Protein chains: 2
Amino acid sequence: MIPSPEQIAFAHKLADVSAAAIRPYYRTGLAIDDKLDASPVTQADREAEQVMRALINTERPDEGIIGEEFGAEREDADWVWVLDPVDGTKAFITGRPLFVTLIGLLYRGQPVLGIVNQPIAGERWLGVPGQGCTLNGEPVTVSGISELARARVGTTGPQYFSIGGLAEFNALQAEGRFTVYGGDGYQYALLATSGLDLVIEEGLKLHDFAAVAPVVIAAGGWMTDWHGEPLQKGSVGRVIAAASEALHQQAVAAMQNAE
Amino acid sequence: MIPSPEQIAFAHKLADVSAAAIRPYYRTGLAIDDKLDASPVTQADREAEQVMRALINTERPDEGIIGEEFGAEREDADWVWVLDPVDGTKAFITGRPLFVTLIGLLYRGQPVLGIVNQPIAGERWLGVPGQGCTLNGEPVTVSGISELARARVGTTGPQYFSIGGLAEFNALQAEGRFTVYGGDGYQYALLATSGLDLVIEEGLKLHDFAAVAPVVIAAGGWMTDWHGEPLQKGSVGRVIAAASEALHQQAVAAMQNAE
């Protein structure tokens with residue numbers, strides 16, 4: 001199912017209001033202990049989700065919401081918005097303009113639209129599988145690189161893998177060209193823009209992958225779980241995104257060869 | 001020795017001309033094999049260094065140059081400019097706005113001025129020890145955090161350490177609050193802006209630390225080699241930067257406790 005033009009326009013509106021809520025907190029109070037409820041990142045996260053939820057409840061009252069901060073409403077609706085206001089908390093609290101707001105739309109559990117929005121740099125990726133991917137309105141695509149030896153590999157950090165998962169990741173990265181760490185959801189947007197060729201992560205939740213999978217797929221990439229199954233509501237959060245089908249197959253095979 | 005106002009103004013000019021040389025290449029040809037001489041990152045690197053060298057040779061002909069790409073000229077002069085046009089090559093070729101241009105000034109081998117310039121985000125840090133540190137003209141300082149358990153730790157990636165160095169880093173990061181990977185020279189600028197509290201790296205060369213050490217120190221931080229010795233021309237490239245003297249001491253002690 002393809003989202004309507006009204007839903008696409010509405011997704012942009014969600015990105016606009018969340019960005020306005022987040023920006024004032026960026027690089028403020030960086031030395032504050034952000035475990036406190038009143039820390040800038042917590043306030044940015046909550047306020048951004050609140051303004052997005054209010055907008056959905058007012059303008060799209062039949063559609064559901066699954067939010068990282070405030071949980072689910074009308075979760076069984078056909079159309080459900082999945083919101084992660086500040087993906088990349090550590091990027092935010094160390095002052096890196098790599099944190100992103102993730103806005104996904106599910107139709108009966110399948111991701112059909114994604115926005116990755118970076119409010120400081122003013123970068124917005126929109127992906128609708130079947131309709132392409134854009135960065136600030138300009139079409140972007142994956143690199144199409146098909147050989148693992150040429151692949152630029154990304155993951156947020158080795159500490160986010162399980163022991164077995166890290167062994168699989170290490171088997172893969174040994175065959176890639178190089179690995180770059182850091183970036184959370186921003187990495188998938190870079191993959192959709194030919195900047196990275198493979199992103200492998202573990203422990204993602206629905207709100208982490210619901211928006212980025214459509215961006216990658218709309219840009220011509222492949223994104224599945226580690227067994228090659230499509231990502232959907234209920235998927236375990238082991239994800240692999242690749243710049244081509246051939247690269248995806250080689251990466252899955254390399255991981256399965258881990259000891 | 002404190003640099004003259006003319007030298008400080010000239011350092012800004014170097015940052016301006018290098019940024020203009022680099023910007024047109026950002027996120028172009030991302031799928032190109034950048035081992036080729038004509039790759040965008042190689043062209044950006046070389047052109048930016050060439051314009052800076054030309055400016056020094058024209059306007060400051062008595063001062064020396066040590067450049068990452070084209071080597072040394074008048075290396076024995078009292079004042080020597082140390083240039084790294086694109087620090088964070090992998091950030092550049094994956095499309096992250098975290099690569100930086102590093103411009104340092106040595107007086108008889110001691111770093112006395114540093115600029116960290118991010119041409120895409122338009123962020124410029126200037127540090128002159130004794131005269132403070134600024135980001136786009138506004139004063140910035142380190143967080144001053146003094147307890148290792150509260151410290152946000154940064155390093156570019158585990159793959160850049162030797163085996164022994166990684167053991168020391170791991171002993172340290174186990175006691176910190178969390179570790180964020182990625183960032184190269186940008187990390188030291190974040191430390192100078194209260195975004196990170198500790199940065200530990202190995203294998204840095206003079207052109208990697210000559211500009212960032214003055215930025216950290218001018219912002220109120222501590223930056224030395226792993227033995228606590230000041231960084232200067234000839235230092236081995238194991239560096240540690242900290243948001244306070246107390247934190248620096250705890251970090252050095254934690255690393256010395258590595259098995």
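Since we're looking at a predicted model, the values are computed, not measured. All chains are named by letter (A, B, ...) in the order of the sequence lines, taking the proteins before the strands, and each is independently numbered beginning at 1.
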Tell me the closest heavy-atom pair linking [X] and [Y], and the distance in Å.
X: B:Gly95; Y: A:Tyr186; value: O-OH, 4.3 Å
X: B:Arg152; Y: A:Leu30; value: NH1-O, 2.7 Å
X: B:Thr94; Y: A:Phe178; value: CG2-CE1, 4.0 Å

TODO: Report yes or no: does B:Arg96 contribute a side-chain atom to a donor-acceptor pair with the main-chain N or O of A:Gly182 at less than 3.5 Å?
DONE: yes

Counting heavy-atom pairs under 4.5 Å with chain A, which one of [options] comes out on top?
options: B:Pro158, B:Gly157, B:Gly183; value: B:Pro158
options: B:Val142, B:Val180, B:Asp197, B:Thr156; value: B:Val180
options: B:Gln187, B:Gln159, B:Lys90; value: B:Lys90

Open item on the list: Less than 4.5 Å to any heavy atom of chain A: does that hold for the side chain of B:Ile120, its backbone, both, or neither?
Closed with: neither

Open item on the list: Please identify, among A:Ala91, A:Ser194, A:Ser143, the residue contributing the most non-hydrogen atom pairs under 4.5 Å to chain B.
Closed with: A:Ser194

Open item on the list: Does B:Trp226 have more than 12 heavy atoms from other residues, nucleotides or ligands lying within 6.0 Å of its CH2?
Closed with: yes

- [ ] Answer with side chain, backbone, both or neither: which region of A:Leu191 has an atom nearer than 4.5 Å to a non-hydrogen atom of chain B?
- [x] neither

- [ ] Inspect the contact between A:Arg27 and B:Glu138 and indicate whether a charged nitrogen and a carboxylate oxygen are less than 4.0 angstrom apart.
- [x] no

